[in-house]
Chemist: 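A single structure is presented below for examination.
We name chains A, B, ... by the order of the sequence lines, and we start the count at 1 in each one.
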There are 2 protein chains.
Amino acid sequence: MAPQRKPPSLGCLTDHVGFHLRLAQLAVFKHFESALGEIGVSPAIYSVLEVLHDNPGITQSKLAIAVRLDRSSMVPMLDKLGKRGLVERQASTTDRRHNHLFLTKEGEALLADARARASAHEKQVCSCLSAEEKKNLLALLDRFGG
Amino acid sequence: MAPQRKPPSLGCLTDHVGFHLRLAQLAVFKHFESALGEIGVSPAIYSVLEVLHDNPGITQSKLAIAVRLDRSSMVPMLDKLGKRGLVERQASTTDRRHNHLFLTKEGEALLADARARASAHEKQVCSCLSAEEKKNLLALLDRFGG
DNA sequence: GACCAATTGTTTGATGTCAACTTGTTTGGG
DNA sequence: CCCAAACAAGTTGACATCAAACAATTGGTC
């Protein structure tokens with residue numbers, strides 16, 4: 001009988017940039033997980049490692065702002081990364097409110113691996129775009145999040 | 001002394017389309033919430049109402065697939081929408097596994113309001129894009145999310 | 001120098017989402 | 001016919017995230 005299932009209509013939803021953003025992010029993040037989940041690196045963790053590598057000694061609040069997470073979300077994440085021996089919290093001597101954060105040797109090593117995988121992932125996930133198109137896309141996206 | 005706080009460097013993070021997607025979605029969804037939160041409509045709820053309006057009698061699983069949520073996430077959401085009197089679950093007579101879903105009068109009314117607000121929101125959030133650019137952006141995003 | 005506002009990391013509670021499993025129902029091949 | 005496989009909705013547990021409240025600490029102002 002082949003019920004001839006037409007996919008349900010999405011209506012005006014297709015006009016909303018937010019919906020397309022969500023679908024795109026869903027697909028890209030899923031692909032990221034399949035590429036880096038194996039080494040225990042989620043998109044959020046990867047962004048933390050990158051920023052930490054580039055800004056040794058940064059404080060938790062500044063890190064949270066940089067990766068656009070809540071400062072309270074940072075706590076359990078750094079706890080976990082600390083337990084894995086990837087990140088060190090070092091209490092500041094000059095201002096006892098601050099924690100300075102550093103990647104350990106192991107953290108740097110994992111980041112190197114993660115970078116290679118993330119780079120490959122990025123290539124695959126953007127294989128449907130020319131270099132020009134990708135540059136264009138990033139520029140357009142930055143108009144919102146900038 | 002003006003500590004001349006440079007914002008922390010994001011490193012290679014800026015090359016990753018996933019990161020830009022997240023920032024953009026964050027900004028757009030936040031704006032959406034500020035425009036429709038007042039009437040208790042989140043992006044997910046709005047997408048459900050739209051698809052429900054366009055596909056009366058659709059089943060929960062099909063709805064979940066359409067809006068790209070997990071089947072199991074649909075349950076508490078429909079419970080809540082049901083309690084608000086916006087959606088009706090109607091057990092199928094031909095296949096007792098299925099629930100057919102319908103917007104109530106109140107659901108339709110709320111959707112009308114939500115649509116007006118969402119449309120205004122969309123205009124504001126895309127005010128930084130020309131019509132051409134938006135069309136281009138949506139086309140590029142669809143290459144990922146299909 | 002003593003209060004007061006701002007800042008930092010943390011804790012707690014609420015929410016939204018997924019994945020795995022359960023239960024009831026249908027369907028199709030032997 | 002019958003039983004196994006497929007399937008729908010629901011339940012449970014885990015997890016990430018945010019917002020609000022909190023304690024400790026600093027800095028500025030009178």
Chemist: Rounded to the nearest 0.5 Å, how far apart are CZ of R71(A) and CG of L63(A)?
Modeler: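 R71(A) CZ to L63(A) CG: 13.0 Å, rounded to 0.5 Å.
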Chemist: Measure CG/L78(A) against P/dT17(D) and give the value in whole Å, please.
Modeler: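 Distance check: L78(A) CG to dT17(D) P gives 12 Å.
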Chemist: Report whether L10(B) and I58(A) are members of the same hydrophobic cluster (ILVMFWY, side-chain heavy atoms less than 4.5 Å apart, transitive linking).
Modeler: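 Per the 4.5 Å side-chain linkage, L10(B) and I58(A) are co-clustered.
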Chemist: So, OP1 or OP2 of dT7(C): does either fall under 4.0 Å of a side-chain N or O from S61(A)?
Modeler: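 Indeed not, no polar side-chain atom of S61(A) lies that close.
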Chemist: How would you list all residue pairs meeting salt bridge (charged side-chain N to carboxylate O under 4.0 Å, His left out) that involve residues 36-46 of chain A, not counting sequence neighbours?
Modeler: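 Listed by first then second residue: E38(A)-R117(A).
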Chemist: Could you go over nucleotides 24-29 of chain D and give all protein N or O partners under 3.5 Å, atom names and distances?
Modeler:
| from | atom 1 | to | atom 2 | distance (Å) |
| --- | --- | --- | --- | --- |
| dT25(D) | O2 | R97(A) | NH1 | 3.4 |
| dT26(D) | OP1 | R96(A) | N | 3.2 |

Chemist: For H98(B) and dA6(D), what is the distance between atoms NE2 and P respectively, to the nearest whole Å?
Modeler: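 In whole Å, dA6(D) P and H98(B) NE2 are 16 Å from each other.
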Chemist: Please identify which of these residues, E50(A), E108(A), E122(A), meets the salt bridge (charged side-chain N to carboxylate O under 4.0 Å, His left out) condition with R115(A).
Modeler: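 Looking at E50(A), E108(A), E122(A), the match for R115(A) under the salt bridge (charged side-chain N to carboxylate O under 4.0 Å, His left out) is E50(A).
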Chemist: Grouping I, L, V, M, F, W and Y whenever their side-chain heavy atoms are under 4.5 Å apart, do V48(A) and V75(A) come out in a common cluster?
Modeler: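 As far as the 4.5 Å side-chain criterion goes, V75(A) and V48(A) are not connected within one cluster.
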Chemist: Can you tell me the distance, in whole Å, between the CE atom of M74(A) and the P atom of dT11(C)?
Modeler: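 Going from CE in M74(A) over to P in dT11(C) covers 15 Å.
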Chemist: If you look at every heavy atom in L137(A) and F144(B), which pair is closest and at what distance?
Modeler: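 L137(A) and F144(B) have their closest heavy atoms at CD2-CE1, 3.6 Å.
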Chemist: Is the phosphate of dT10(C), meaning OP1 or OP2, less than 4.0 Å from a side-chain N or O of Q60(A)?
Modeler: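 Yes, Q60(A) has a side-chain N/O under 4.0 Å of OP1/OP2 on dT10(C).
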Chemist: Any donor-acceptor pair under 3.5 Å linking the side-chain atoms of E106(B) with those of T104(B)?
Modeler: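 There is such a pair (donor and acceptor under 3.5 Å, judged by atom type) between the side chains of T104(B) and E106(B).
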Chemist: N99(B) CG to dG24(C) P: how many Å, rounded?
Modeler: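 Nearest whole value for this atom pair: 15 Å.
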Chemist: With clusters defined by side-chain heavy atoms of hydrophobic residues (ILVMFWY) lying less than 4.5 Å apart, directly or transitively, does V28(A) cluster with L138(B)?
Modeler: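 Result: yes, single cluster for both.
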Chemist: Let me know the distance between CG of L63(A) and P of dT17(D), rounded to the nearest Å.
Modeler: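 Distance check: L63(A) CG to dT17(D) P gives 12 Å.
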Chemist: Kindly compute the distance separating NE2 (H100(B)) from CD (Q60(B)), expressed to the nearest 0.5 Å.
Modeler: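 Spacing of NE2 (H100(B)) from CD (Q60(B)) equals 11.0 Å.
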Chemist: To the nearest Å, how far apart are I58(B) CD1 and dA9(D) P?
Modeler: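 Atom CD1 in I58(B) sits about 10 Å away from atom P in dA9(D).
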Chemist: Dump the pairs, protein N or O against N or O of nucleotides 12-18 of chain C, anything under 3.5 Å, distances to one decimal.
Modeler:
| from | atom 1 | to | atom 2 | distance (Å) |
| --- | --- | --- | --- | --- |
| dG16(C) | OP2 | K80(B) | NZ | 3.0 |
| dC18(C) | OP2 | D70(B) | N | 2.6 |
| dC18(C) | OP2 | S73(B) | OG | 3.0 |

